[in-house]
Amino acid sequence: MNELWDWTCSQFEDADKMSSPLQGATMKFLASLLKPKRILEIGCYTGYSAMAWHEATGPLQTEITTLELDPKMIAASRRTFDKYHLNDRVTLIEGPAGDSIPRLTGHFDLVFVDANKDGYQDYVAKILDRRLLSPGGLILCDNIFARGMTISTDANPQLPDKVRPYWTANGKALDRFNRFCKADPRVDSVLLPVFDGLTLIKWKDGGAGVNGNGFIN
Ligand SMILES: C[S@@+](CC[C@H](N)C(=O)[O-])C[C@H]1O[C@@H](n2cnc3c(N)ncnc32)[C@H](O)[C@@H]1O
């Protein structure tokens, strides 16, 4: 993983999109604790987080599905999966996540949402509506603080002007997403103030009260 992290930093100006090594270690810890049989990742970039899921789930032979839109990042992640022999369990689905999610079937035990921030609400709603999250499953959503902009546009004076409009817009979208999570009666959610903010979502009561359409009985 360290080699891929260094390579990504050397090749891409926006390498801060990649999870940090500490996040990678946290993902591996969580995956080995939760023992998911199927993982869905939305936002692959160069495949660093997919590699973390893969490394942590060898004994379980977990199936990992990762979604990516950008042709440059599709090429980079295909390089990663070939170079590090991850194709045995990692499947990359190309195209917009909003189109790919409705075509997925079965249940995922762990879902990592880490793509365009203005899509989080749509992705999580689709996952819940289609019951793609297994009854005991967990959704992890990254960057919920949007570098502080979700809290207040004054929250991060150090944020470079170049990226300030981008993160300000993300902050607004993620504020709406937080309200959506809090208001949805099907789920419990908690925002952990770690990294750039990590929201955890699970079915209320393991989804016992939710029918096949994802609505409360
Ligand atoms: C934050 S990066 C993912 C980082 C990766 N999960 C990691 O930890 O290393 C977000 C990725 O989502 C991709 N993306 C953005 N919009 C998308 C969409 N609508 N559908 C699928 N992928 C998208 C971007 O091209 C980018 O590679």
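What you see is a predicted model; the values in this text were computed from it and never measured. Every heavy atom of this structure was used, including side-chain atoms; hydrogens, water molecules and symmetry mates were not. One is the number of the first residue; the rest follow in order along the sequence. Just so you know, ligand 1 is whichever comes first in the structure, and atom 1 is the first atom listed for that ligand.
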Pair Thr46-Thr8, side-chain donor/acceptor within less than 3.5 Å:
yes
May I ask you to check whether Thr150 and Asp175 show a side-chain donor-acceptor distance below 3.5 Å?
no
Nearest heavy-atom contact between Pro102 and Gly98 is CD-O, 3.1 Å
Does ligand 1 have an atom under 4.0 Å from some heavy atom of Ala52?
no
Starting from atom 14 (N) of ligand 1, which protein heavy atom do you reach first, and at what distance in Å?
Ala115 CB, 3.9 Å
Nearest neighbour in protein (non-hydrogen) for atom 19 (N) of ligand 1:
Tyr123 OH, 3.1 Å
Starting from atom 25 (O) of ligand 1, locate the nearest protein heavy atom and write down its residue, its atom name and how far away it is, to 0.1 Å.
Glu68 OE2, 2.5 Å
Could you check if a side-chain atom of Leu200 sits within less than 4.5 angstrom of a side-chain atom of Leu140, using non-hydrogen atoms only?
yes
Specify the closest pair of heavy atoms between Ala155 and Gly148, including all atoms of both residues, with the distance to one decimal.
CB-O, 3.4 Å
To which protein heavy atom is atom 1 (C) of ligand 1 closest, and what is the distance rounded to 0.1 Å?
Lys17 O, 3.1 Å
For atom 6 (N) of ligand 1, tell me which residue out of Asn116, Asp114, Asp196 has the closest non-hydrogen atom.
Asp114
For ligand 1, which part of Met73 has a heavy atom less than 4.0 Å away: the side chain, the backbone, both, or neither?
side chain
Met27 to ligand 1: N or O pair under 3.5 Å?
no
If you have a sec, work out which protein heavy atom is nearest atom 20 (N) of ligand 1 and how many Å separate them, to one decimal?
Ala97 N, 2.9 Å
Would you kindly say whether Tyr120 and Asp142 are connected by a side-chain donor-acceptor distance under 3.5 Å?
no
Please state which protein non-hydrogen atom is closest to atom 9 (O) of ligand 1 and give its distance, to 0.1 Å?
Ser19 N, 3.4 Å
Region of Cys44 engaging ligand 1 - heavy atom pairs below 4.0 Å
backbone
Regarding Thr105 and Arg130, do their side chains bring together a donor and an acceptor under 3.5 Å, going by distance alone?
no
Can you tell me if Thr91 and Glu63 form a side-chain donor-acceptor pair at under 3.5 Å?
no
Below 4.0 angstrom from a heavy atom of Tyr48, which ligand 1 atoms are there? Numbered from 1 as shown, please.
9 (O)
Asp14-Tyr45 side chain donor-acceptor pair, cut-off 3.5 Å:
yes
Protein heavy atom at shortest distance from atom 7 (C) of ligand 1:
Ser49 OG, 3.1 Å
Does ligand 1 have an atom that lies less than 4.0 angstrom from a heavy atom of Gly119?
no
Which protein non-hydrogen atom lies closest to atom 22 (N) of ligand 1, naming both residue and atom, and how far is it?
Leu69 N, 3.3 Å
